[in-house]
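Just so we're clear, the structure is a prediction, and the values are computed from it rather than from any experiment. Protein chains get the first letters and strands the later ones, always in sequence-line order, with residue 1 at the start of each.
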Protein chains: 2
Amino acid sequence: MAAMIVEKSEGRECKVVTSQDVAHAAGVSRSAVSRTFTKGGSVSEHTRRRVLAAARKLGYNPNAIARSLITQRSNMVGLVMADITNPFYARVLESFSEKLQSVGQHVLLFSIAKVHDIDQALPALLQYQVDGVIITSAVLSSAMAETCAKAGKPVILFNRYVRETITSAVCTDNVAAGREVANLLLDAGHYRCAFLAGTANTSTSNDRQRGFLDRLAERGALAPLVDRGDYCYEGGFAAAGRLFARADPPDAVFCANDVMAVGAMDQIRQVRGLRVPDDVSVIGFDGIAASGWPSYELTTMEQQIERMTSEAMEILMARIADPTLPPETRFVPARLVARASARLPQEMLAAVS
Amino acid sequence: MAAMIVEKSEGRECKVVTSQDVAHAAGVSRSAVSRTFTKGGSVSEHTRRRVLAAARKLGYNPNAIARSLITQRSNMVGLVMADITNPFYARVLESFSEKLQSVGQHVLLFSIAKVHDIDQALPALLQYQVDGVIITSAVLSSAMAETCAKAGKPVILFNRYVRETITSAVCTDNVAAGREVANLLLDAGHYRCAFLAGTANTSTSNDRQRGFLDRLAERGALAPLVDRGDYCYEGGFAAAGRLFARADPPDAVFCANDVMAVGAMDQIRQVRGLRVPDDVSVIGFDGIAASGWPSYELTTMEQQIERMTSEAMEILMARIADPTLPPETRFVPARLVARASARLPQEMLAAVS
DNA sequence: CTGAAAGCGCTTACAG
DNA sequence: CTGAAAGCGCTTACAG
């Protein structure tokens with residue numbers, strides 16, 4: 001009954017089975033095969049059954065690349081990430097890939113070493129006809145943004161935002177979070193604060209610093225110390241070393257991320273022999289897993305990852321469906337997670353315990 | 001001079017510039033354009049210059065999808081990962097993506113929640129015509145392996161291996177590492193060891209356990225305690241809680257990975273109030289960043305990530321170039337990183353200090 | 001070196 | 001519901 005398929009032996013590679021082969025085997029046209037594998041396709045139950053049977057027998061797998069060439073939709077989203085090794089971004093990556101997969105999108109991952117590599121990564125992404133691009137912790141040049149806009153490819157920045165209204169963005173409200181930390185530390189009676197900055201020229205670090213320092217100044221607090229730790233453990237460890245070698249060390253340190261805060265705590269307790277929070281309060285940012293470990297009990301401003309990735313997905317998918325939609329920037333508040341590493345205002349202590 | 005290009009307004013989307021457009025603008029054929037963008041293409045310097053100029057002016061970007069349809073090479077590699085959130089695998093991912101990008105391959109990432117999801121992930125990968133597949137910490141069914149083999153797509157398992165000689169693999173020699181830890185603890189005079197297993201039915205955990213227990217038995221050591229922590233912090237924390245609630249607690253704990261070891265140490269010191277290594281030695285596996293933090297100083301069997309990913313790349317790229325090459329399995333030794341969390345044999349103490 | 005033509009594997013109006 | 005035909009954007013023998 002079934003047509004005999006003569007395999008045209010193609011050198012070393014086994015012949016790949018194509019919709020044509022399935023059509024032959026099922027005794028229908030390629031159109032019928034295509035419709036069977038397209039979800040809205042109108043096929044009779046009879047032919048659908050024949051096609052499916054033939055496809056299964058031959059081991060047919062539709063070629064997504066060929067399909068996307070004609071549909072102009074690749075169902076791939078480019079995901080550009082700068083520092084996967086940072087536990088915060090590892091969770092962001094996991095969250096995005098889960099959400100993208102759940103809506104049938106595939107993840108074309110670009111890992112960039114330096115933030116500047118982004119303008120080289122994007123053309124490659126565009127060549128692969130991704131339906132959209134998500135960029136975390138980096139910002140593309142306005143020329144590149146222009147190129148993407150012209151190509152009708154929506155771009156979403158994650159944890160960055162730009163003044164020009166050409167690119168969408170989802171970002172924690174870092175300025176507000178910085179202000180909140182200032183209030184918290186002052187209310188608890190700290191008198192000499194320090195800010196431990198992340199990588200230079202990143203809006204995340206800058207905004208957290210600005211909110212923190214501005215609010216400190218508004219309330220007439222002592223001028224805070226500022227040092228820098230490049231967003232990594234070693235950086236936080238070293239910066240805390242400098243901070244506490246001073247004659248006038250701080251009694252509170254606000255770190256621009258948790259990884260640095262953990263490094264700072266190790267320096268403060270293991271090397272300097274100081275107590276946290278009795279001698280010095282430490283507050284971090286992100287809410288990574290280690291912040292909750294009993295060894296640290298780090299008070300931190302948590303970034304709401306799931307909410308942020310959901311908002312980004314919403315913006316992205318809407319613009320993939322309708323590229324004429326204007327860009328949109330959304331800010332998500334950080335959330336205080338109060339733990340043992342910081343002396344807190346009286347009223348909060350009651351609430352926590 | 002330059003030909004006037006009339007943009008055919010295509011609804012909302014801006015017209016995408018194609019090799020045809022560039023050909024027109026440069027006054028040459030599509031073939032010439034194609035050759036200019038193919039690295040071995042024979043084009044005169046004159047036409048190459050004209051083509052490049054036209055391409056730049058129009059903002060032409062070759063369509064990689066269309067190209068791969070004809071070349072039968074997508075320059076995409078499927079990367080299947082089970083737990084990006086584990087710092088060890090985050091580093092593996094970063095290492096692979098860096099190496100793949102450096103050889104012009106692009107990463108199609110599949111993040112799977114459960115290890116069993118892998119047989120669903122692979123068909124999707126295959127539909128996108130990836131040139132090969134790397135699977136970390138999971139093992140595909142032999143039926144799926146068969147499918148990949150038939151499609152001529154090389155598959156490399158990372159940190160897994162299979163008996164059937166149909167799939168390549170790169171794996172730490174977990175059995176040998178387990179034996180080494182047994183020797184180490186026994187030589188240092190420990191008398192009651194415990195093994196803290198990872199996720200059930202994973203070869204990594206099983207092999208580490210087997211090597212450890214076998215060697216302990218060979219040397220006539222006391223029967224070791226065994227508990228399970230599912231490869232996560234909370235699991236290690238809880239398992240250590242059970243271990244040290246016993247009347248006969250161990251004086252040494254070998255954990256199947258570092259994340260559990262860190263959890264165990266927090267339980268041992270913060271909750272139980274025991275000292276490490278004075279009361280109990282702790283040894284981990286992987287060599288994650290936290291193992292080196294002063295708060296833990298965790299002695300661990302480090303997996304040589306860079307070497308392992310390099311070997312995997314070697315195997316993969318060779319088989320992409322020549323699919324007839326037979327599968328190959330390579331084992332890489334783990335490396336002891338001696339730190340303060342374990343009492344070590346006398347001779348090693350001298351070497352370390 | 002160069003161009004016309006065929007074709008990669010699919011989808012999609014268009015008639016029937 | 002169904003099939004023949006055109007076409008997505010590219011590359012690659014094949015002649016010249």
Side-chain angles (χ1 to χ4, degrees), chain A residues 8 10-11 13 15-52 55 58-75 126-131 151-152, chain B residues 8 10-11 13-52 55 58-76 126-131 151-152:
Chain A
K8 171 172 55 161
E10 196 65 64
E13 297 234 355
K15 183 175 180 298
V16 51
V17 8
T18 177
S19 73
Q20 183 80 273
D21 303 331
V22 177
H24 278 160
V28 296
S29 69
R30 275 147 72 217
S31 314
V33 176
S34 174
R35 290 190 187 101
T36 307
F37 286 95
T38 312
K39 84 162 182 246
S42 54
V43 255
S44 67
E45 197 47 37
H46 175 248
T47 63
R48 135 173 265 105
R49 219 186 296 278
R50 288 192 60 101
V51 168
L52 254 20
L58 300 180
Y60 172 65
N61 230 245
N63 183 327
I65 253 51
R67 172 191 310 217
S68 68
L69 192 57
I70 187 82
T71 60
Q72 307 280 41
R73 287 274 258 104
S74 65
N75 289 321
L126 260 19
Q127 287 192 188
Y128 276 87
Q129 313 300 119
V130 293
D131 294 338
Chain B
K8 171 172 54 162
E10 197 64 67
E13 297 234 355
C14 298
K15 183 177 181 298
V16 51
V17 8
T18 176
S19 73
Q20 184 80 273
D21 302 331
V22 178
H24 277 161
V28 296
S29 70
R30 274 146 74 217
S31 315
V33 176
S34 174
R35 290 190 187 100
T36 307
F37 286 95
T38 312
K39 84 162 180 246
S42 54
V43 255
S44 67
E45 197 47 37
H46 177 246
T47 63
R48 137 174 261 104
R49 219 187 295 279
R50 288 194 61 103
V51 168
L52 254 20
L58 299 179
Y60 172 65
N61 231 243
N63 183 328
I65 252 51
R67 170 191 311 216
S68 67
L69 192 58
I70 187 82
T71 60
Q72 308 280 41
R73 288 273 258 101
S74 65
N75 290 322
M76 294 194 291
L126 259 21
Q127 287 192 188
Y128 275 88
Q129 314 300 118
V130 293
D131 293 338

Item checked: A/L58 side chain near A/H24 side chain, heavy-atom distance below 4.5 Å -> no

Item checked: Whole-Å distance separating the CD1 atom of A/I65 from the P atom of C/dG9 -> 13 Å

Check: How many angstroms lie between atom CD of B/Q129 and atom CD of B/Q72, to the nearest 0.5 angstrom?
Finding: 8.0 Å

Next item on the list: Pick the C1' atom in D/dG16 and in D/dT12, then give their distance to the nearest Å.
Entry: 16 Å

Margin query: Looking only at side-chain N and O atoms, does B/S68 offer a donor or acceptor that is under 3.5 Å from a partner on B/T71?
Written below: no

Next item on the list: Please state whether the phosphate of D/dG9, meaning OP1 or OP2, lies under 4.0 angstrom from any side-chain nitrogen or oxygen of B/T18.
Entry: no

Notebook entry, point to check: Between atom CD in B/Q72 and atom P in C/dG7, what is the gap in whole Å?
Noted result: 14 Å

Next item on the list: Check for a donor-acceptor pair, side chain of B/D131 on one end and backbone N or O of B/N75 on the other, with a separation under 3.5 Å.
Entry: yes

Note to self: Once pairs are restricted to Watson-Crick or G-U wobble with both distances under 3.5 Å, how does DNA chain C read as a dot-bracket string, [ ] for crossings and | for other-strand pairs?
What the structure shows: |||.||||||||.|||

Check: Is A/V51 close to A/V28 at the side-chain level, that is, under 4.5 Å between some pair of heavy atoms?
Finding: yes

Using residues 31-39 of chain B as the side-chain source, report each donor-acceptor pair under 3.5 Å to any protein atom, sequence neighbours left out, with the distance given to one decimal.
residue: B/T36; atom: OG1; partner: B/A32; partner atom: O; Å: 2.7
residue: B/T38; atom: OG1; partner: B/S34; partner atom: O; Å: 2.7

Check: Should B/Y60 and B/D21 count as side-chain neighbours, where that means a heavy-atom distance under 4.5 Å?
Finding: no

Checklist line | Between CD1 on residue A/I65 and OG on residue A/S74, distance to nearest 0.5 Å | finding: 8.0 Å

Next item on the list: Give one of base, sugar-phosphate or nothing for A/S68, where a contact means two heavy atoms less than 4.0 Å apart.
Entry: nothing

Note to self: Base contacts versus sugar-phosphate-only contacts with protein, heavy atoms under 4.0 Å: please encode nucleotides 11-16 of chain C as B, S and - from 5' to 3'.
What the structure shows: BBB---

Check: For A/N61 and C/dC8, what is the distance between atoms CG and P respectively, to the nearest whole Å?
Finding: 19 Å

Check: Which nucleotide, C/dC8, C/dC1, D/dG9, lies nearest any side-chain atom of A/L69?
Finding: D/dG9

Item checked: N/O (side chain, A/S29) to phosphate O (OP1/OP2, D/dG3) under 4.0 Å -> yes

Next item on the list: Report yes if at least one side-chain N or O of A/S44 is closer than 4.0 Å to OP1 or OP2 of D/dT2; otherwise report no.
Entry: yes

Notebook entry, point to check: For B/L126 and C/dG9, what is the distance between atoms CG and P respectively, to the nearest whole Å?
Noted result: 15 Å

Next item on the list: Report yes if some heavy atom in the side chain of B/N63 is under 4.5 Å from a heavy atom in the side chain of B/T18; otherwise report no.
Entry: no

Check: Starting at CD of B/Q127 and ending at P of C/dG9, how long is that distance when rounded to a whole Å?
Finding: 15 Å

Notebook entry, point to check: Between atom CD in B/E45 and atom C1' in C/dT2, what is the gap in whole Å?
Noted result: 16 Å

Item checked: Distance, rounded to the nearest Å, where A/R73 contributes CZ and D/dC8 contributes P -> 19 Å

Next item on the list: Round to the nearest Å and state the distance from B/R50 atom CZ to C/dC1 atom P.
Entry: 18 Å

